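Reckoned from all heavy atoms, side chains included, excluding hydrogens, waters and symmetry mates. Being a predicted model, the structure only gives us computed values, none of them experimental.
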Amino acid sequence: CFISHPATASSKTLTSDTVWKGEVSVSEDVLVPEGVTLTITPGTVIKVTSPESAKTDPEYLSPMTEITVRGTLRSDGRRNAPIIFRNDKETDERGSWAGILIDGGTASLSSCRIQGAETGVYVLKGTLVAADAVFRENRYGLVAEGPETKVNIKNARITENDYGLFIFNGAHVDNRESVI
């Protein structure tokens with residue numbers, strides 16, 4: 001599945017490998033299940049809409065709009081063409097969407113900018129590799145939880161959040177050349 005400029009990704013479980021490119025509007029939760037890869041190309045802007053009402057679907061971890069990764073997320077930004085995850089408004093209101101929630105999956109975030117989320121990235125029993133990434137203007141920048149969690153951040157900036165980096169319950173975090 002290939003989503004090109006402009007596109008809308010609504011509440012769904014991805015059933016096959018998917019590519020996002022250009023401008024993608026996420027209006028409801030997106031789940032990347034085990035065995036599926038979501039690839040985001042350089043320069044893509046993902047605009048996430050705040051939910052109209054609170055949901056109680058047990059498939060998701062938050063009542064806010066989220067991108068949940070149980071498979072693989074590859075965000076292949078470049079320094080001159082970063083990938084941007086933000087809310088759909090011109091101003092980046094903190095906590096207007098849940099963020100990227102890695103729930104047993106794997107994410108690689110290269111040259112990404114994540115802003116306006118409750119938690120930029122929340123890793124639970126998963127793996128995150130973030131290089132040249134910026135987590136800013138979120139309520140929580142990055143949260144790593146549990147002994148099965150492995151996070152490797154290099155040359156990242158976790159800044160201008162209400163709270164920066166949280167490491168809970170034995171999560172493993174390797175931080176090199178980053179500013180928190």
Side-chain angles (χ1 to χ4, degrees), residues 1-50 60-62 64-92 96-123 126-138 141-142 150-161 176-178:
C1 181
F2 180 76
I3 296 180
S4 185
H5 178 64
T8 300
S10 58
S11 179
K12 66 178 176 182
T13 299
L14 301 180
T15 57
S16 63
D17 292 351
T18 302
V19 176
W20 286 355
K21 181 178 182 174
E23 185 175 298
V24 177
S25 180
V26 176
S27 60
E28 295 185 50
D29 297 320
V30 173
L31 173 63
V32 181
E34 188 174 347
V36 174
T37 299
L38 170 59
T39 301
I40 305 172
T41 63
T44 299
V45 176
I46 297 95
K47 294 182 178 180
V48 184
T49 302
S50 299
Y60 299 97
L61 300 173
S62 170
M64 294 183 276
T65 306
E66 67 188 63
I67 299 170
T68 302
V69 180
R70 294 187 180 131
T72 303
L73 170 63
R74 287 191 190 123
S75 295
D76 299 324
R78 304 289 180 256
R79 286 183 188 214
N80 63 345
I83 294 168
I84 300 171
F85 294 86
R86 60 183 295 275
N87 67 25
D88 66 340
K89 300 174 185 161
E90 289 301 316
T91 60
D92 286 316
S96 62
W97 63 290
I100 300 170
L101 308 176
I102 303 167
D103 182 23
T106 300
S108 172
L109 304 175
S110 296
S111 293
C112 290
R113 310 294 176 254
I114 302 168
Q115 56 198 60
E118 176 67 19
T119 304
V121 178
Y122 187 106
V123 187
T127 302
L128 169 66
V129 176
D132 301 314
V134 177
F135 306 81
R136 80 175 184 83
E137 296 179 357
N138 302 291
L142 174 61
K150 293 180 180 30
V151 174
N152 183 331
I153 53 176
K154 182 177 179 185
N155 196 33
R157 294 189 69 218
I158 302 174
T159 184
E160 299 175 47
N161 302 286
R176 287 182 255 149
E177 303 169 21
S178 298

By side-chain hydrogen bond (donor to acceptor under 3.5 Å, both in side chains) - contacts of N152 (at least two apart): none
Test item: E23 and K47 side chains (from C-beta on) under 4.5 Å apart, heavy atoms: yes
Among all residues two or more places apart in sequence or in another chain, which pass the side-chain contact (heavy atoms from CB on, under 4.5 Å) test with A130? L109, L128, A133, F135, I153
Hits for side-chain hydrogen bond (donor to acceptor under 3.5 Å, both in side chains) against T44, two or more places apart or cross-chain, chain-then-number order -> T41
About how many Å separate CD of Q115 and CZ of R86, when rounded to the nearest 0.5 Å? 6.5 Å
Count the heavy atoms belonging to other residues, nucleotides or ligands that lie under 6.0 Å from NZ of K154, then report whether that count exceeds 12. no
How long is the span from the CD1 atom in I67 to the CD1 atom in I100, to the nearest 0.5 Å? 5.5 Å
Can you confirm whether I46 sits close enough to V26 that some side-chain heavy atom of one is under 4.5 Å from a side-chain heavy atom of the other? yes
Quick one: list whatever passes side-chain contact (heavy atoms from CB on, under 4.5 Å) with S110, sequence neighbours left out. S108
How many angstroms lie between CG in L31 and OG1 in T68, if you round to the nearest 0.5 Å? 6.0 Å
side-chain contact (heavy atoms from CB on, under 4.5 Å) partners of V36, counting only residues at least two apart: L14, D17, V32, P33
Rounded distance (nearest 0.5 Å) linking atom CZ of R113 with atom CD of E137: 13.0 Å
Please enumerate all residues that pass side-chain hydrogen bond (donor to acceptor under 3.5 Å, both in side chains) together with S178, with sequence neighbours excluded. N175
